[in-house]
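Below, all heavy atoms of this structure are taken into account, side chains as well, without hydrogens, waters or symmetry copies.
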Amino acid sequence: VGVDTTLRIIERIQERVKRDKYLGTTELNAILVDEVASLLAENNSTQVMDFEDPLPCKPYVIMVVGVNGVGKTTTSINLAAALAQQGKQVLLVDADPQANTSSGLGVDIQQVENTVYECLINNIDPTTAVLPTTTDNLFIIPSHIDLVGAEIEMLSMDNRENILKKVLKPLRDSYDYILIDCSPSLGLITINALTASDSIIIPVQCEFFALEGIAKLLNTIKIIKSNLNPRLRIEGFLLTMYDARLRLSAQVHDEVRRHFGDLVFNTVISRNVRLSEAPSHGMSVLEYDRSSKGAKNYMNLAKELIRRHQS
C-alpha cells in the first residue's frame, strides 16, 4: 500500500489501541484489515479507476490465487499444460520470487536472461522474456529471486498497481489464455496481478482450516474490485487435495458447494502422488504420467473451463 499509507494505518491503529487500552493479536489483525479497507475505500484517484471494459472474447487472463499449500502452483502448471493440450495457445506468467512454476516446467532460472523482473522494473519488451516449454502451445515468462526486491523498487513508480497490466498488453493478442501464478502474500506484485486479471481461480484444500482463509481472501478481492479492477470476477473455486476415503474431505466439499453454488468447479483435484513427483522432473503431470488420476483431473478442469467460456 506504500509508505505514506502504511504510516497512516499505524496512526489509526495507535489511536484505537490508546482508546481500548489492550488488544490481542487477533483483534489487531482485524483492525489492520478494517483500516486497509477503509483507506482503499477513501481513495478517489481516477488513475486506478480508469480501466477499459473487459474484452468479450479471448484472451482470458486468469490468476490462480490462494493461501500457501493449497495447490496453487500445481494448478497453475497443470491447468496451463492441459489447456495447451486442448489446442489453446497459453502463456504462463510466474510472478512468484520462489520461481517454483518456472522450475516445475523445466526452466533453469540461472540461465535465463530476461524474466518477469526485467519486464516490471526495466521495462523491457515482454516478448523477449517469453520462453517455449516442452509442451506444445505452452509458453512461460519465468521468475527469478530478484523479484523479492521488485516491490520496493516499484513503490516510486507512477501508476504502480498497473505495471503488470501494461506488460501483458502487447502479449494478449497472441494467446487464448494467460495464467498468472503469484506468491500467497498480498504484496504489490500480487495486487498488480489482480489488477491485470479478468478473473481468478481459487484453489481450496479439502480441510477446514482452508475455509477460514476464504473469507479474508474474498474481502481482499472485493477491495481490489472496488478500487483497482472493476471487471475482476471469480472464475471458480477449485477443490484440491480431495481424499474420498476421508469424511473430512467430503464435509469440506459439501460446505464449499453449499456456500458458493455454481461458482465451484465440478472438477475436483484428488490427492495423487504423481502431482507431487512431476515438478521434480521439470514436467507437468500430463507429461510425467498422462494416465494418472491427477493428469485426468486437470484435463477435465481444462475442458470445463473451455466450456464455460464457450457458453
Colleague: Check whether any side-chain heavy atom of Pro126 lies under 4.5 Å from a side-chain heavy atom of Val167, and answer yes or no.
Modeller: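 Contact flag for Pro126/Val167 side chains = yes.
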
Colleague: Let's go through Leu301 and Leu305 carefully: what are the C-alpha distance in whole Å and the side-chain angles of both, what is the deciding distance for side-chain contact (heavy atoms from CB on, under 4.5 Å) to 0.1 Å, and is it a yes or a no?
Modeller: CA-CA 6 Å; Leu301 176 62; Leu305 187 63; 5.5 Å; no

Colleague: Taking atom types as modelled and ignoring hydrogens, do the side chains of Asp289 and Ser291 form a donor-acceptor contact shorter than 3.5 angstrom?
Modeller: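 Yes, side-chain donor-acceptor contact under 3.5 Å.
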
Colleague: Do Glu118 side-chain atoms and Thr115 backbone N/O form a donor-acceptor pair below 3.5 Å?
Modeller: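 Flag set: sc Glu118 to bb Thr115 pair under 3.5 Å.
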
Colleague: Does a side-chain heavy-atom distance below 4.5 Å link Ile163 with Met157?
Modeller: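 Counting from C-beta outward, Ile163 and Met157 do come under 4.5 Å.
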
Colleague: Using atom types as modelled and distance alone, determine if a side-chain donor or acceptor of Asn297 lies under 3.5 Å from a backbone N or O of Ile269.
Modeller: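 No: the side chain of Asn297 does not pair with the backbone of Ile269.
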
Colleague: If you group Ile, Leu, Val, Met, Phe, Trp and Tyr whenever their side-chain heavy atoms sit less than 4.5 Å apart, what else falls in with Leu246?
Modeller: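 In the cluster with Leu246 there is nothing else; it is isolated.
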
Colleague: Under the criterion salt bridge (Lys or Arg N to Asp or Glu O under 4.0 Å), I'd like the reasoning laid out for Glu255 against Arg257: C-alpha separation, chi angles, the key distance, then a yes or no.
Modeller: CA-CA 5 Å; Glu255 188 74 8; Arg257 287 201 179 278; over 6 Å; no

Colleague: Please step through salt bridge (Lys or Arg N to Asp or Glu O under 4.0 Å) for the pair Arg233 and Asp198, ending with a clear verdict.
Modeller: CA-CA 7 Å; Arg233 64 186 180 87; Asp198 298 317; over 6 Å; no

Colleague: State whether the side chain of Asn114 and the backbone N or O of Ala129 hold a donor-acceptor pair below 3.5 Å, judged by distance alone.
Modeller: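 Flag not set: sc Asn114 to bb Ala129 has no pair under 3.5 Å.
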
Colleague: Would Arg308 and Phe265 count as a cation-pi pair here, with the cationic atom under 6.0 angstrom from the ring centre and within 45° of the axis?
Modeller: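 Here Arg308 passes the 6.0 Å and 45° test against Phe265.
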
Colleague: Output the distance between atom CD1 (Ile201) and atom CG (Leu79), rounded to the nearest 0.5 Å.
Modeller: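 Between Ile201 CD1 and Leu79 CG, I get 5.0 Å after rounding to 0.5 Å.
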
Colleague: With rounding to the nearest 0.5 Å, note down the distance linking OG in Ser276 to OH in Tyr288.
Modeller: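 Between atom OG of Ser276 and atom OH of Tyr288 there are 10.0 Å.
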
Colleague: Can you name the closest pair of heavy atoms from Ile109 and Ser143 and give their distance?
Modeller: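 Here Ile109 and Ser143 meet closest at CG2-O, 3.6 Å.
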
Colleague: Apply side-chain contact (heavy atoms from CB on, under 4.5 Å) to the pair Val61 and Ile180, showing each step before the final yes or no.
Modeller: CA-CA 8 Å; Val61 180; Ile180 307 173; 3.9 Å; yes

Colleague: Is it possible for you to say whether Val273 and Val285 belong to one hydrophobic cluster, with membership spreading through side-chain heavy-atom contacts below 4.5 Å?
Modeller: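 No, no single cluster joins them.
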
Colleague: Do Thr240 and Val204 touch side chain to side chain, with heavy atoms closer than 4.5 Å?
Modeller: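 No, side chains not in contact.
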
Colleague: Is it the case that the side chain of Ser103 and the backbone of Ala99 share a donor-acceptor pair, with hydrogens and angles ignored and the cut-off at 3.5 Å?
Modeller: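 Yes; judged by distance alone, with no hydrogens or angles, the pair exists.
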
Colleague: Please evaluate residues His309 and Tyr177 with respect to the criterion ring pair (Phe, Tyr, Trp, His ring centres under 6.0 Å), reporting the C-alpha separation (whole Å), side-chain torsions for both, the decisive distance (0.1 Å), and the verdict.
Modeller: CA-CA 11 Å; His309 291 159; Tyr177 288 92; 5.5 Å; yes

Colleague: State, to 0.1 Å, how close Leu92 and Ile77 come at their nearest heavy-atom pair, and which atoms those are.
Modeller: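 That would be CD2-CA, 4.2 Å.
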
Colleague: Do you see a donor-acceptor pair shorter than 3.5 Å between the side chains of Asp176 and Gln89?
Modeller: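 Absent: no donor and acceptor within the cut-off.
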
Colleague: Would you find a donor on one side and an acceptor on the other, under 3.5 Å apart, between the side chain of Lys72 and the backbone of Val64?
Modeller: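 Looks like no, no N/O pair under 3.5 Å.
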
Colleague: Counting neighbours of CG on Asp262 that are heavy atoms of other residues, nucleotides or ligands and sit closer than 6.0 Å, is the number greater than 12?
Modeller: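 For Asp262, atom CG is not crowded (no more than 12 foreign heavy atoms under 6.0 Å).
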
Colleague: Would you give the length of the straight line joining atom CD1 of Ile200 to atom CD1 of Ile62, rounded to the nearest 0.5 angstrom?
Modeller: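 Output value for this atom pair is 11.0 Å.
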
Colleague: Quick one: are Met299 and Gln86 in side-chain contact, heavy atoms under 4.5 Å?
Modeller: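 They are in side-chain contact.
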
Colleague: Search all heavy atoms of Ser102 against all heavy atoms of Asp94 and return the closest pair with its distance.
Modeller: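 Where Ser102 meets Asp94 most closely, the heavy atoms are OG-OD2, 2.7 Å.
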
Colleague: Can you get from Leu138 to Met283 by hopping between Ile, Leu, Val, Met, Phe, Trp and Tyr side chains that sit under 4.5 Å apart?
Modeller: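 Shared cluster, no.
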
Colleague: Can any side-chain N or O of Asn229 pair as donor or acceptor with the backbone N or O of Lys225 at less than 3.5 Å?
Modeller: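 Side chain of Asn229 to backbone of Lys225, a donor-acceptor pair under 3.5 Å: no, none is there.
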
Colleague: I need the Ile140 CD1 to Thr133 OG1 distance, nearest 0.5 Å.
Modeller: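 Ile140 CD1 to Thr133 OG1: 8.0 Å, rounded to 0.5 Å.
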
Colleague: Please determine whether side-chain contact (heavy atoms from CB on, under 4.5 Å) holds for the pair Leu155 and Glu153, giving the CA-CA distance in whole Å, both sets of side-chain angles, and the decisive distance to 0.1 Å.
Modeller: CA-CA 6 Å; Leu155 286 175; Glu153 297 179 71; over 6 Å; no

Colleague: Would you say the side-chain atoms of Ser249 pair up with the backbone N or O of Asp243, donor to acceptor, closer than 3.5 Å?
Modeller: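 Checked: pair present.
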
Colleague: Does any donor atom in the side chain of Asn162 or Asn159 lie under 3.5 Å from an acceptor atom in the other side chain?
Modeller: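 On atom types as modelled, these side chains qualify, holding a pair under 3.5 Å.
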
Colleague: In terms of hydrophobic clustering (I, L, V, M, F, W, Y; side-chain heavy atoms under 4.5 Å; direct or indirect links), are Leu194 and Leu218 co-clustered?
Modeller: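 In one cluster with Leu194: Leu218, yes.
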
Colleague: Would you check if the side chain of Glu151 reaches a backbone N or O of Leu188 as a donor-acceptor pair within less than 3.5 Å?
Modeller: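 Yes.
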
Colleague: Within the 3.5 Å criterion, strictly below it, is a donor on Thr134 or Glu287 matched to an acceptor on the partner's side chain?
Modeller: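 Glu287 and Thr134 do have a side-chain donor-acceptor pair below 3.5 Å.
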
Colleague: Please list all pairs meeting side-chain hydrogen bond (donor to acceptor under 3.5 Å, both in side chains) that have one or both residues in residues 264-273, counting only residues at least two apart or in different chains.
Modeller: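 Counting only pairs at least two positions apart or across chains, the side-chain hydrogen bond (donor to acceptor under 3.5 Å, both in side chains) contacts touching residues 264-273 are Thr267-Glu304.
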
Colleague: Are Val107 and Ile145 joined in one hydrophobic group, where the rule is that I, L, V, M, F, W and Y side chains link up if heavy atoms are under 4.5 Å apart?
Modeller: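 Result: no, two separate clusters.
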
Colleague: Could you tell me the separation between the CD1 atom of Ile141 and the CG atom of Leu168, rounded to the nearest 0.5 Å?
Modeller: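 Between Ile141 CD1 and Leu168 CG, I get 6.5 Å after rounding to 0.5 Å.
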
Colleague: Might you point out which heavy atoms bring Lys296 and Arg290 nearest each other, and give the distance in Å?
Modeller: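 Heavy atoms only, the tightest pair is CG-O, 4.4 Å.
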
Colleague: Hey, mind stepping through His144 and Tyr117 against ring pair (Phe, Tyr, Trp, His ring centres under 6.0 Å) and telling me if it holds?
Modeller: CA-CA 7 Å; His144 193 273; Tyr117 173 84; 7.8 Å; no

Colleague: Check whether Lys88 reaches the backbone of Leu83 with its side chain - one donor and one acceptor, N or O, closer than 3.5 Å.
Modeller: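 Absent.
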
Colleague: Please tell me whether Thr73 and Asp181 have a donor and an acceptor in their side chains that are separated by less than 3.5 angstrom.
Modeller: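 Yes.
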
Colleague: Donor-acceptor pair, Ser280 side chain versus Glu277 backbone, under 3.5 Å?
Modeller: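 Confirmed, Ser280 side chain pairs with Glu277 backbone.
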
Colleague: Could you walk me through whether Met154 and Ile189 pass side-chain contact (heavy atoms from CB on, under 4.5 Å), step by step?
Modeller: CA-CA 9 Å; Met154 293 166 68; Ile189 292 175; 4.2 Å; yes

Colleague: Hey, what do you get for NZ (Lys222) to CD1 (Ile234), rounding to the nearest 0.5 Å?
Modeller: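 Atom-to-atom, Lys222:NZ and Ile234:CD1 are 11.5 Å apart.
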
Colleague: Assess whether atom CG of Asp254 is packed by more than 12 heavy atoms of other residues, nucleotides or ligands within 6.0 Å.
Modeller: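 Counting neighbours around CG of Asp254, more than 12 heavy atoms of other residues, nucleotides or ligands fall under 6.0 Å, so yes.
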
Colleague: Looking at side-chain heavy atoms only, is the closest gap between Ser183 and Thr190 below 4.5 Å?
Modeller: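 A side-chain contact exists here, since the closest heavy-atom pair is under 4.5 Å.
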
Colleague: If you compare all heavy atoms of Leu179 against all heavy atoms of Ser76, which two are closest, and at what distance to 0.1 Å?
Modeller: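 That closest heavy-atom pairing would be CD2-O, 3.9 Å.
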
Colleague: Are Ile121 and Leu171 grouped together when hydrophobic residues (ILVMFWY) are joined by side-chain heavy atoms under 4.5 angstrom apart?
Modeller: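 They do share one cluster, since a chain of ILVMFWY contacts under 4.5 Å joins Ile121 to Leu171.
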
Colleague: Side chains of Leu238 and Thr75, heavy atoms from C-beta outward: is any pair under 4.5 Å?
Modeller: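 Leu238 reaches Thr75 side chain to side chain.
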
Colleague: Give the minimum heavy-atom separation between Leu286 and Ala81, together with the two atoms involved.
Modeller: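 The answer is CD1-CB, 4.2 Å.
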
